[in-house]
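None of the values given here were measured: they were computed from a predicted structure. The chains referred to below are lettered A, B, ... by the order of the sequence lines, with proteins before strands, and numbering in each begins at 1.
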There are 2 protein chains.
Amino acid sequence: MQSKIYKSNKDRTQATRAQLIAAARELFVEGGYADTGTPAIVKKAKVTRGALYHHFVDKADLLTAVIAEEAQAVAESIISHAEGTSAIQSLKNGSRAYIEAMQVPGRTRLLLEIGPAVLGTNLMRKIDDGAAHRTLLDGLKAAFDDDQAKSKDIEVLADLLSAAFDRAAIAVSAGADAEIYVNAMERLIEGSLAR
Amino acid sequence: MQSKIYKSNKDRTQATRAQLIAAARELFVEGGYADTGTPAIVKKAKVTRGALYHHFVDKADLLTAVIAEEAQAVAESIISHAEGTSAIQSLKNGSRAYIEAMQVPGRTRLLLEIGPAVLGTNLMRKIDDGAAHRTLLDGLKAAFDDDQAKSKDIEVLADLLSAAFDRAAIAVSAGADAEIYVNAMERLIEGSLAR
DNA sequence: CATTTAACATACAGGCTGTATGTATGCAAT
DNA sequence: ATTGCATACATACAGCCTGTATGTTAAATG
C-alpha cells in the first residue's frame, strides 16, 4: 500500500524538479548559495538528497536550473515589450522592461549576484539568451547608423551600458525610485549618442 | 635547540600575517574563495591552521584582510594621480588611474568578483575608503556646478558610471585595449554632462 | 627570576558534499 | 498479463573542510 502513485514518470520528474528548483530558489535568495545546504533544500522540497542528485549532477547544477528559469523570464519580458517597432524604440521600451522585470523579488540577487559569483560570468553569458544585450546593441547600432562610429566602439559602449543597467536594476530593487534610474539610463544612452 | 627564534612578537605577528595574506591572495585569485581551503592556504604560507585562526577570526576575515590591502593600493593610486588640480581634471586623471591600477593581476578578481560575492557589497563599501567614488562624485558635481541639476540626480549618475568603470576595468584585465575603454568612459561621462 | 601573556601547534567535533548501493515503480515488448 | 529493463528515487557511507578546544613554547612584564 503506497501513499502516492504517479500517473507517469514524466510527470513525476517534472514535479520533483519543480519542487527542488522552487525550494532552492527561495533558500538561495534568503541565505545565499554557500550557506544553503542541500539538506535544507530537500527538506523544503519534501524530497530526499537522492532525488536531488538524481536530477542534478551537483549543487551548482541545481543553481544553474534556478538561474536559467529566471533569465528566461527576463528575456521574455524584454522581447515582448521591445518587439514590433524600430530598434531605437525597442531600446527605449526594452530598457524599462529590463529594469522592471528585474524587480521580482530575489531576481537581482540571483541573476546579478549569486549567478556570476558561483557560475562565473562566462557560464552566465551562455545561460542568458542575450535578449537584453541584443536589444541594446541593435538599438545603439541603429542610432549610430548614419554615423561613422566604428562597430567595435559601439560594442564597447554596449558593454559599459549594460553594466550600468545592472546597477540600476540593483538600486531599484534595493528601494530606489525606478523612474529616476530609468531616466538616468536614458540620459546616459542619449548622451553617449550625441557626438 | 630551536630552529628559529624571533626578535620580537610584533615582528613575528607581522611576518605571519603577511605570509598568510600573500598565500591567500594567490590561492583565492587562482581557485576562487570556496574552492580554496584553509589547509592549502597554511601549507603555502608555511604555518599551521592554528596560526591562521589565531590571527583571523575565520576564513572570511582573512579574505577581508586581502581585500583591504588591495583596495588601499587602488585608493592610493587614484589619490596620487588625481590630487592637485581641479575636480574636473581630477576626474579625468582619476579615471585612467583607476582602470590602470585595477590591472595588477588578480585585482579585478578580488575587488570586483570575490569580494562583493563573499563579503557583500555592503561590507565592501566599508572596506573601500571611497576614493574612487569621491573623485567621481566631486568631478561630476563640479562639472554640473552652474547647472541646476539636482544633487540626487548626480549621485544616481555617479552610481551608474561607477558600475561602468568596474566593467571597463574587468574588460581591460581580460585583455581588451585599455585606451579604448578609457576613451569610452570619457565619452560616456562627457555625454552625461551635455544637456 | 617568576609569572603572565601572546603565538602558535595539535586534536577533535560537527556538517556538508558527492558517491555508491539498494529498492520500488513505471514502462516496453512479448 | 508476465517478464525484463530503465527510471526515480531512498539510504548509507567516505572524505573534506571549518571552527573550536586544548596543549606547548617563547616572549614580555614586574
Side-chain angles (χ1 to χ4, degrees), chain A residues 1-28 30-66 114 117-120, chain B residues 1-28 30-66 114 117-120:
Chain A
M1 184 200 194
Q2 284 72 235
S3 58
K4 232 179 184 182
I5 290 185
Y6 293 84
K7 326 184 264 196
S8 75
N9 267 346
K10 215 172 249 182
D11 290 354
R12 196 187 181 188
T13 290
Q14 166 66 22
T16 302
R17 284 184 59 102
Q19 284 164 223
L20 280 167
I21 290 174
R25 204 212 108 113
E26 201 164 324
L27 292 177
F28 286 157
E30 272 178 33
Y33 178 79
D35 290 348
T36 301
T38 53
I41 296 172
V42 300
K43 185 183 172 188
K44 174 156 233 163
K46 288 176 183 169
V47 298
T48 64
R49 276 168 31 85
L52 195 168
Y53 280 93
H54 176 72
H55 288 289
F56 303 94
V57 315
D58 57 17
K59 196 179 147 190
D61 189 39
L62 173 56
L63 173 65
T64 302
V66 172
I114 298 175
V118 178
L119 307 177
Chain B
M1 183 196 191
Q2 284 74 234
S3 59
K4 229 176 184 181
I5 291 184
Y6 293 84
K7 329 185 263 198
S8 75
N9 267 345
K10 215 172 246 183
D11 291 353
R12 195 186 181 187
T13 290
Q14 167 67 22
T16 302
R17 284 185 60 103
Q19 283 165 222
L20 281 168
I21 290 174
R25 204 213 109 112
E26 200 164 326
L27 293 177
F28 286 157
E30 271 178 33
Y33 178 79
D35 291 348
T36 301
T38 53
I41 295 172
V42 299
K43 184 183 173 189
K44 175 157 232 161
K46 289 176 182 171
V47 297
T48 63
R49 277 166 33 82
L52 194 167
Y53 281 92
H54 177 73
H55 289 289
F56 303 94
V57 314
D58 57 17
K59 197 179 146 189
D61 189 38
L62 173 56
L63 173 65
T64 303
V66 172
I114 297 175
V118 177
L119 308 178

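- One interatomic measurement links the two molecules: CG of A:D58 to P of C:dT19, which rounds to 8 Å at whole-angstrom precision.
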(request) Evaluate the criterion side chain to side chain contact (heavy atoms under 4.5 Å, CB included) for residue pair A:I41 and A:F28; output intermediate values, then yes/no. (result) CA-CA 9 Å; A:I41 296 172; A:F28 286 157; 3.9 Å; yes
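- Separation of atoms CZ (B:R25) and CD1 (B:I114) is listed at 9.5 Å; rounding is to 0.5 Å.
- Heavy atoms of A:T38 sit under 4.0 angstrom from primed sugar atoms or phosphate atoms, though from no base atom.
- When the side-chain nitrogen and oxygen atoms of A:T16 are compared with OP1 and OP2 of D:dA8, none of them lie within a distance under 4.0 Å.
- Taking atom CZ on A:R49 and atom P on C:dT21, their separation rounds to 17 Å, with Å as the unit.
- Positionally, the nearest nucleotide of DNA chain C for A:P39 lies more toward the 5' end than for the other of A:G50 and A:P39.
- Residue whose closest nucleotide on DNA chain D sits further toward the 5' end, between B:K10 and B:G37: B:G37.
- Proximity of A:T13 to the phosphate of D:dA8: a side-chain N or O atom is located under 4.0 Å from OP1 or OP2.
- Following rounding to the nearest Å, B:L52 (CG) and D:dT18 (P) show an atom-to-atom distance of 9 Å.
- For A:H55, no side-chain nitrogen or oxygen approaches OP1 or OP2 of D:dA8 to under 4.0 Å.
- Separating the CD1 atom of B:I41 from the P atom of D:dC16 is a distance of 17 Å, rounded to the nearest angstrom.
- Contact of A:R12 with C:dG26 (side chain to base): no donor-acceptor pair of N or O atoms is detected under 3.5 Å.
- For the pair A:K43 NZ and D:dA10 C1', the interatomic distance rounds to 18 Å; values are reported in whole Å.
- Between B:H54 and C:dA7 there is a side-chain N or O to OP1 or OP2 distance below 4.0 Å.
- B:Y53 places its OH atom 5 Å from the C1' atom of D:dG19, with the value rounded to the nearest Å.
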(message) Apply side chain to side chain contact (heavy atoms under 4.5 Å, CB included) to residues A:V47 and A:V42 and explain how you reach the verdict.
(response) CA-CA 5 Å; A:V47 298; A:V42 300; 4.2 Å; yes
(request) With side chain to side chain contact (heavy atoms under 4.5 Å, CB included) as the test, would you mind laying out the steps for B:E30 and B:L27 before giving the verdict? (result) CA-CA 5 Å; B:E30 271 178 33; B:L27 293 177; 4.2 Å; yes
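- Taking only side-chain atoms of B:K59, from C-beta outward, the nucleotide of D:dA10, D:dG19, C:dG18 with the closest atom is D:dG19.
- One atom, OH of B:Y33, and another, P of D:dC17, lie 14 Å apart when rounded to the nearest Å.
- Mapping B:T36 and B:S8 onto DNA chain D by nearest heavy atom places B:T36 closer to the 5' end of the strand.
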(message) Determine whether A:I21 and A:V66 satisfy the following criterion, side chain to side chain contact (heavy atoms under 4.5 Å, CB included), listing intermediate values before the conclusion.
(response) CA-CA 6 Å; A:I21 290 174; A:V66 172; 4.0 Å; yes
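- Remark: C1' of C:dT17 and CZ of A:F56 are 16 Å apart, rounded to the nearest angstrom.
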